[in-house]
Chemist: 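Could you have a look at this structure, given as structure tokens, before my questions?
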Amino acid sequence: MATTRIDVKPAVLHWVQEVSTGTLNEAWASKIDKWLKNESKPTLNQLKDLSKKAQIPFGYFFLDNTPKEDLPLLKFRTINNVGIERPSRNLVDTIHNMELKQSWISEERQKNGYPASFFSHGFKHVANYRSLSDEQIASNIMNSLNLKLGWNVGLKNRNAFNLLRMKLDQVGVIVMYSGIVGSNTHRPLAQAEFRAFAIDDPFAPFIFVNSNDSYNAMLFSLVHELTHIWFGTSELYNDDYQAQHQFLNPKTEKDINRISEVIIFPETLFTTEWQKDNEGTEVDQIIAVAKRFNASPLSAAIRALHLRLITQETVDQLKDELDREYQRHKEYQKAKGSSGDYYTTKAAQTDSTFAQEVERSVNSGNLGYNTAFELMGVSNSSAFEKLLGKIKEKG
């Protein structure tokens, strides 16, 4: 019986070469070269294998032209950062995955008569907001979450992140986080490529945070994105903590950065705490202040820089030290191997309200199990029930 071979268009193969740089070995590169030179054609099984290896949807190989992946979020990021010209498949697939979840829950909420979230475009509820200071706008944002500036002072470990996530849940904002694509531990999300993104929607504003970071660093990412949602703007956040940035929308992004800093580090409180630790080095001072605000040292350093308490040289010095520490931590975690219960970890990463609405829709017969499995990132009913159970346990 003859082997079926597929005539993949050269434009598609060239695109595969471009987007899979670094993910395919020499053997695969050689095969694709032969296909392009028309020395041979791929079999169906070869294309299935290549789809998995290159992390490319199988259906793309049957297109007549170069695949077009519309990623509006890439319009909202710093130009001078890593991974801009060619986003990784991990980022692309994560965005698509979260867009699928958001689309479903937005439609579900509208169908069931949910009101639009007042937090999205919250600035419209504030009179003359353009004339307000950053501190006043930050205070308005926090008031809409029933919090006051200084809310995070004295909180420990992940408590500030969890508190803010709970408050956002109460105003209809979905918050997910993970450090991998779906459940694939072999596809980690690069911290250097992005830290978080926000997708605005009147009924289901959505925030995703890259968890390949400390909870303190994730806190600033969450605050940054919730500020975007309050202004009604979507964004891919990949700040590299430099003093000078180039932005596609410079005014908006600089405003968001300043307001986010105020939400975590109100000026009066920050300067008061800063003055308490003036005997050690500036780096020691930054780390001590960051702990009291339950924030990352880098975000505290940027706040100190903008308040003219330190120079960019100190920020760069701190960043180098933290990068070395981060690499040591990654090596330790790799050597240690995976730890903790899979379902407990996945439950923590999944928005509780989202899971509840998926379960309710399944129980009412409005959502099929296969779609529910896809939305929850599981493969079968047993995994679905286990995950829902863990989510209910966490409350």
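Computed over heavy atoms, backbone and side chain alike; hydrogens, waters and symmetry mates excluded. The first residue in the sequence is number 1, and the count goes up from there.
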Chemist: With a 3.5 Å cut-off and no angle check, do the side chains of Glu193 and Ser88 form a donor-acceptor pair?
Modeler: yes

Chemist: Can you name the closest pair of heavy atoms from Asn152 and Ala160 and give their distance?
Modeler: CB-CB, 4.4 Å

Chemist: Is it the case that more than 12 heavy atoms not belonging to Glu39 sit under 6.0 Å from its CD atom?
Modeler: yes

Chemist: Under 4.5 Å between any side-chain heavy atoms of Met218 and Arg195, yes or no?
Modeler: no

Chemist: Considering only heavy atoms from C-beta outward, does the side chain of Tyr342 approach that of Ser183 to under 4.5 Å?
Modeler: yes

Chemist: Leu155 and Leu149: same hydrophobic cluster, using ILVMFWY side-chain contacts below 4.5 Å?
Modeler: yes

Chemist: Is there a chain of hydrophobic side chains (I, L, V, M, F, W, Y, each step under 4.5 Å between heavy atoms) that links Val262 to Leu305?
Modeler: yes

Chemist: Please check if atom CZ in Arg158 has more than 12 non-hydrogen atoms from other residues, nucleotides or ligands closer than 6.0 Å.
Modeler: no

Chemist: Please answer whether the main-chain N or O of Thr268 pairs with a side-chain N or O of Thr272 as donor and acceptor at a distance below 3.5 Å.
Modeler: yes

Chemist: Please lay out, stage by stage, how Leu226 and Ile141 fare under the test side chain to side chain contact (heavy atoms under 4.5 Å, CB included).
Modeler: CA-CA 9 Å; Leu226 74 85; Ile141 293 173; 3.6 Å; yes

Chemist: Looking at residues at least two apart in the chain, or sitting in another chain, which of them share a side chain to side chain donor-acceptor pair (under 3.5 Å) with Ser120?
Modeler: Asp200

Chemist: Quick one: do Tyr177 and Phe161 satisfy ring pair (Phe, Tyr, Trp, His ring centres under 6.0 Å)? Show the steps, please.
Modeler: CA-CA 11 Å; Tyr177 70 86; Phe161 182 89; 5.8 Å; yes

Chemist: Less than 4.5 Å apart, any side-chain heavy atom of Trp230 and any of Phe123?
Modeler: yes

Chemist: Atom NZ of residue position Lys111 - does it have more than 12 heavy atoms of other residues, nucleotides or ligands inside 6.0 Å?
Modeler: yes

Chemist: Can you tell me if Gln110 and Ser106 form a side-chain donor-acceptor pair at under 3.5 Å?
Modeler: yes

Chemist: Give a yes/no verdict on a cation-pi contact between Lys148 and Trp151, requiring under 6.0 Å between NZ or CZ and the six-membered ring centre and an angle within 45° of the axis.
Modeler: no

Chemist: Can you check whether Asp93 reaches Arg187 side chain to side chain, under 4.5 Å on heavy atoms?
Modeler: yes

Chemist: Report the distance from atom CG of Leu219 to atom CG of Asp213, rounding to the nearest 0.5 Å.
Modeler: 11.0 Å

Chemist: Looking only at non-hydrogen atoms, find the nearest pair between Pro297 and Leu318 and report the distance.
Modeler: O-CD2, 3.5 Å

Chemist: Could you please spell out the steps behind the side chain to side chain donor-acceptor pair (under 3.5 Å) verdict for Asp284 and Thr281?
Modeler: CA-CA 5 Å; Asp284 293 335; Thr281 67; 3.0 Å; yes

Chemist: Do Ile32 and Val16 come within less than 4.5 Å of each other through their side chains, counting heavy atoms only?
Modeler: yes

Chemist: Does Lys101 form a side chain to side chain contact (heavy atoms under 4.5 Å, CB included) with Asn97? I'd like the steps, not just the answer.
Modeler: CA-CA 7 Å; Lys101 296 178 191 299; Asn97 191 314; 2.9 Å; yes

Chemist: What are the two closest non-hydrogen atoms of Leu387 and Ala347, and how far apart are they?
Modeler: CD1-N, 3.7 Å

Chemist: Without swapping roles, check the side chain of Asn212 against the backbone of Leu189 for a donor-acceptor pair under 3.5 Å.
Modeler: yes

Chemist: Passes side chain to side chain contact (heavy atoms under 4.5 Å, CB included), Leu91 versus Leu236? Steps please.
Modeler: CA-CA 10 Å; Leu91 174 56; Leu236 174 69; 4.2 Å; yes

Chemist: Sequence neighbours left out, cut at 3.5 Å: what donor-acceptor pairs do the side chains of residues 369-382 make with other protein atoms?
Modeler:
unit_1, atom_1, unit_2, atom_2, d
Asn380, OD1, Ser382, N, 3.2
Asn380, OD1, Ala383, N, 2.8

Chemist: Counting only N and O atoms by type, is there a donor-acceptor contact under 3.5 Å from the side chain of Arg109 to the main-chain atoms of Pro115?
Modeler: no

Chemist: Taking atom CD1 of Ile264 and atom OG of Ser299, what is their separation to the nearest 0.5 Å?
Modeler: 5.5 Å

Chemist: Within the side chain of Glu273, is there an N or O that forms a donor-acceptor pair under 3.5 Å with the backbone of Val289?
Modeler: no

Chemist: For atom NZ of Lys41, decide whether the heavy atoms of other residues, nucleotides or ligands shown that lie under 6.0 angstrom number more than 12.
Modeler: yes

Chemist: If you compare all heavy atoms of Ala116 against all heavy atoms of Phe203, which two are closest, and at what distance to 0.1 Å?
Modeler: N-CE2, 3.6 Å

Chemist: Treating Gln317 as the side-chain partner and Val283 as the backbone partner, does any N or O pair qualify as donor plus acceptor under 3.5 Å?
Modeler: no

Chemist: Any chance you could measure Asp134, atom CG, to Ile259, atom CD1, to the nearest 0.5 Å?
Modeler: 5.5 Å

Chemist: Find out whether Leu145 and Phe119 are in side-chain contact, i.e. whether some heavy atom of one side chain is under 4.5 Å from a heavy atom of the other.
Modeler: yes

Chemist: Just so I know, are the side chains of Met98 and Ser178 near enough to count as touching, which here means a heavy-atom distance under 4.5 Å?
Modeler: no

Chemist: Using a 6.0 Å cut-off, check whether atom NZ of Lys124 has over 12 heavy atoms from anything other than its own residue.
Modeler: no

Chemist: Do Tyr114 and Val358 share a hydrophobic cluster, counting only Ile, Leu, Val, Met, Phe, Trp and Tyr and linking them when any side-chain heavy atoms are less than 4.5 Å apart?
Modeler: no

Chemist: Any donor and acceptor pair, going by atom type alone, linking the side chain of Asp351 with main-chain N or O of Thr353 inside 3.5 Å?
Modeler: yes

Chemist: What residue among Leu44, Leu50, Ile6 forms side chain to side chain contact (heavy atoms under 4.5 Å, CB included) with Phe61?
Modeler: Leu50

Chemist: Do the ring planes of His228 and His224 sit parallel (below 30°), tilted (30 to 60°) or perpendicular (above 60°)?
Modeler: tilted

Chemist: Looking only at heavy atoms, what is the nearest atom pair of Ala295 and Asn216, with distance?
Modeler: C-CB, 3.4 Å

Chemist: Has the side chain of Ser364 got a donor or acceptor atom that lies under 3.5 Å from a matching backbone atom of Arg360?
Modeler: yes

Chemist: Please determine if Lys392 and Glu359 form a salt bridge, counting it only when a charged side-chain N lies under 4.0 Å from a carboxylate O.
Modeler: yes

Chemist: Among Gln102, Glu108, Met176, which one satisfies side chain to side chain contact (heavy atoms under 4.5 Å, CB included) with Phe354?
Modeler: Met176

Chemist: Please say yes or no: joined through hydrophobic side-chain contacts below 4.5 Å, possibly via intermediate residues, are Leu100 and Phe384 part of one cluster?
Modeler: yes

Chemist: For the pair Ser131 (side chain) and Asn128 (backbone), establish whether a donor and an acceptor sit closer than 3.5 Å, ignoring hydrogens and angles.
Modeler: yes

Chemist: Can you confirm whether Lys31 is buried at NZ, in the sense that more than 12 heavy atoms of other residues, nucleotides or ligands lie under 6.0 Å from that atom?
Modeler: yes

Chemist: Keeping to residues at least two apart or across chains, list the salt bridge (charged side-chain N to carboxylate O under 4.0 Å, His left out) pairs with something in residues 260-269.
Modeler: Glu261-Arg303

Chemist: Looking only at side chains, do Ser296 and Tyr215 share a donor and an acceptor under 3.5 Å apart?
Modeler: no

Chemist: For Val12 versus Tyr60, what's the shortest heavy-atom pair and its separation?
Modeler: CG1-O, 3.5 Å

Chemist: Taking Ser40 for its side chain and Trp35 for its backbone only, find out whether a donor-acceptor pair lies under 3.5 Å.
Modeler: no

Chemist: For Asn90, does its backbone N or O pair with a side-chain atom of Thr94 as donor and acceptor, under 3.5 Å?
Modeler: yes

Chemist: Is any side-chain heavy atom of Phe293 closer than 4.5 Å to a side-chain heavy atom of Pro266?
Modeler: yes

Chemist: In this structure, are over 12 heavy atoms from other groups packed under 6.0 Å from Lys291 atom NZ?
Modeler: no

Chemist: Could you give me the CA-CA distance, side-chain angles and deciding distance for Asn143 and Leu147, then say whether side chain to side chain contact (heavy atoms under 4.5 Å, CB included) is met?
Modeler: CA-CA 5 Å; Asn143 286 341; Leu147 292 170; over 6 Å; no

